[in-house]
Amino acid sequence: MPYPESALIPQRLLRPSWAEIDLDAIRRNVAVARNCVGPDRKIYFVCKGDGFGFGADTVAGLALAAGVDGICVGSPEEALKIRQSGVTAEILLFASTLPQEVAAVLDLGVTMTIQSIEMLDALVALQRPLDAFVEIDSGFGRFGLAPRQWNGAFERLRRQSLIRLRGVYSHLSSPEDPEVTAQQSATFESAVQDAARHGLRDLEQILASSRVMILHPGLHYTGVDPGRFIYGALDRKLMQQARLDPLLAAVRGRIVHIQRHPAGAVLGLGYGAPMRLKKELRLAIVPIGFWDGLNHVPPLGRVIVHGCFAPAIGRRSFQHTAVDVTDVPQAAIGSVVTLMGLDGDLEIAPDELASTMQLPLMEVIPRLARSLPHVPFQRPQSLSLTEENPQ
Ligand SMILES: *Cc1c(COP(=O)(O)O)cnc(C)c1O
């Protein structure tokens, strides 16, 4: 099975911390997406950020096999990686490059985004056949043609033949806010109608990213461009509403060191202010820190070890997390520690980890996925057992 390169580095796993990846979740989530939008709409799967840290080529290949129609990327090297893995499907490059570099970018075999008049000028000047989408700014305010710009652009595009306009797309800023969404989607709708008025026909019309797909079925247009939906990386409520499975199933490590510190000892764990122990502390160290995608501050909350919750204490350091196992006498060198995911009957949900880290889930998941080595998701029954203590 194709796992991202990090799984092929056994030396990394000699420092025992890892992400458990349920690659089959892609197939299941694509089936949910297909069911959600119906057989005739296009699904463009967003593989930006190296496929949210899971490996753009791996996830693109699996999603295409499961029935998505196209891929979106956020940078040229993602397009290159996906093309080199043999993918021939359309790859739409989101705005990310300089107008003067369009020739080199097009050599990668991508569909360009026209997000500005400058980009349109550069593509017209190139005098070479190419595919492109026009991006509309419906209120996000980052990229895209504004209402005063798009009619002129549509007219120029209609009057030339080298640039094949494949469609128009836009990205909504606040799918959870009905008022903002009504306003922004009305702006997109007027761009769609203006394109038709200029005689640009058979265009793909794409507005719905993950949350829009779930919350606004009326905005599915001719295609959708989900990212987090397919990775199963949405907040718990939406995950349950849409019945999605997480690709990042668990984050775990093993205890590499245990030390007893007597009452009265003063510890400066994780570069924090030294704390004086009121009672004896049995401290376990797991080799996972902020370099691995966790945070330095605030404190991490809790982990699961041997079927018990145990508090993580102090701050994370660069490559380590400290856990108070005073009340978990079975904890030993080699014990598996779960920082996210299921372990027996207990769970640390992705939302819990994100809220302890005080970061949005959409930031936490790619951080962990891109930083940790990937191993196949293991059913969690026997996790807490060490080799020394098999029953
Ligand atoms: C990131 C992004 C998406 C996908 O967003 P999700 O919320 O992950 O579905 C779609 N379109 C654009 C332009 C984006 O930048």
Side-chain angles (χ1 to χ4, degrees), residues 25-26 29-30 32-34 36-37 41-54 56 59-60 63 68-76 78-79 90-97 110-116 119 132-145 166-177 180-181 184-185 187-188 191 204-217 219-239 241-242 244 246-248 350 354 360-367 369-370:
I26 291 193
N29 294 341
V30 168
V32 175
R34 179 53 71 200
C36 170
V37 301
R41 291 195 176 84
K42 299 271 170 60
I43 300 174
Y44 281 77
F45 172 37
V46 176
C47 295
K48 65 188 180 191
D50 193 23
F52 274 54
F54 292 104
V59 296
V68 305
D69 303 280
I71 300 294
C72 303
V73 294
S75 75
E78 290 150 9
E90 181 173 21
I91 300 178
L92 169 60
L93 175 64
F94 286 155
S96 53
T97 56
V110 295
T111 298
M112 296 295 293
T113 289
I114 299 171
Q115 79 278 13
S116 65
M119 185 55 85
F133 271 69
V134 165
E135 180 173 4
I136 298 300
D137 183 3
S138 52
F140 198 113
R142 178 181 55 187
F143 288 123
L145 302 187
R166 295 270 304 104
V168 289
Y169 75 87
S170 187
H171 194 41
L172 298 179
S173 67
S174 321
E176 249 106 342
D177 183 329
V180 172
T181 297
Q184 295 183 351
S185 58
T187 302
F188 182 69
E204 294 295 345
Q205 302 152 6
I206 301 176
L207 185 61
S209 55
S210 299
R211 290 178 300 162
V212 184
M213 276 174 69
I214 300 168
L215 298 172
H216 304 282
L219 299 178
H220 288 172
Y221 281 95
T222 72
V224 296
D225 61 348
R228 290 180 279 165
F229 190 113
I230 308 295
Y231 301 104
L234 291 161
D235 294 346
R236 194 179 189 92
K237 198 164 144 257
L238 287 175
M239 292 286 286
Q241 187 177 337
L244 300 171
L247 190 58
L248 178 61
L361 190 65
M362 70 172 163
E363 181 175 342
V364 169
I365 289 181
R367 271 170 64 146
R370 75 169 183 239

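Each ligand, and each atom within it, is numbered from 1 in the order the structure gives. Given the structure is predicted, the values throughout are model-derived calculations rather than measurements. The analysis underlying the following values was restricted to heavy atoms, covering all of them including side chains, and did not include hydrogens, waters or symmetry mates.
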Q: Give, for atom OG of Ser185 and atom OH of Tyr221, the distance between the pair rounded to the nearest 0.5 Å.
A: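 It comes to 6.5 Å.
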Q) Looking only at heavy atoms, what is the nearest atom pair of Thr113 and Leu93, with distance? A)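 Heavy-atom minimum between the residues: OG1-O, 2.6 Å.
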Q) If you take all heavy atoms of Glu78 and Asp50, which pair is closest and at what distance? A)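 Closest heavy-atom pair between Glu78 and Asp50: OE2-N, 3.0 Å.
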Q | Lys/Arg-Asp/Glu bridge criterion (N-O < 4.0 Å) met for Asp235, Arg228 | A |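 Salt bridge between Asp235 and Arg228, a charged N being under 4.0 Å from a carboxylate O: no.
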Q) Between Phe94 and Tyr169, is the gap from one ring center to the other below 6.0 Å? A)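 Yes, close enough.
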Short N or O contacts of ligand 1 with protein, under 3.5 Å, listed by atom name?
unit_1   : atom_1 : unit_2 : atom_2 : d
ligand 1 : 7 (O)  : Arg228 : NE     : 3.1
ligand 1 : 7 (O)  : Arg228 : NH2    : 3.0
ligand 1 : 8 (O)  : Arg228 : N      : 2.9
ligand 1 : 8 (O)  : Arg228 : NE     : 3.4
ligand 1 : 9 (O)  : Ser210 : N      : 2.8
ligand 1 : 9 (O)  : Ser210 : OG     : 2.5
ligand 1 : 9 (O)  : Gly227 : N      : 2.8
ligand 1 : 11 (N) : His171 : ND1    : 3.4
ligand 1 : 11 (N) : Asp225 : OD2    : 2.9
ligand 1 : 15 (O) : Lys48  : NZ     : 2.9

(Q) Assess, by modelled atom type and distance only, whether the side chains of Gln205 and Thr222 contain a donor and an acceptor separated by less than 3.5 Å. (A)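 Side-chain D/A pair, Gln205 to Thr222: absent.
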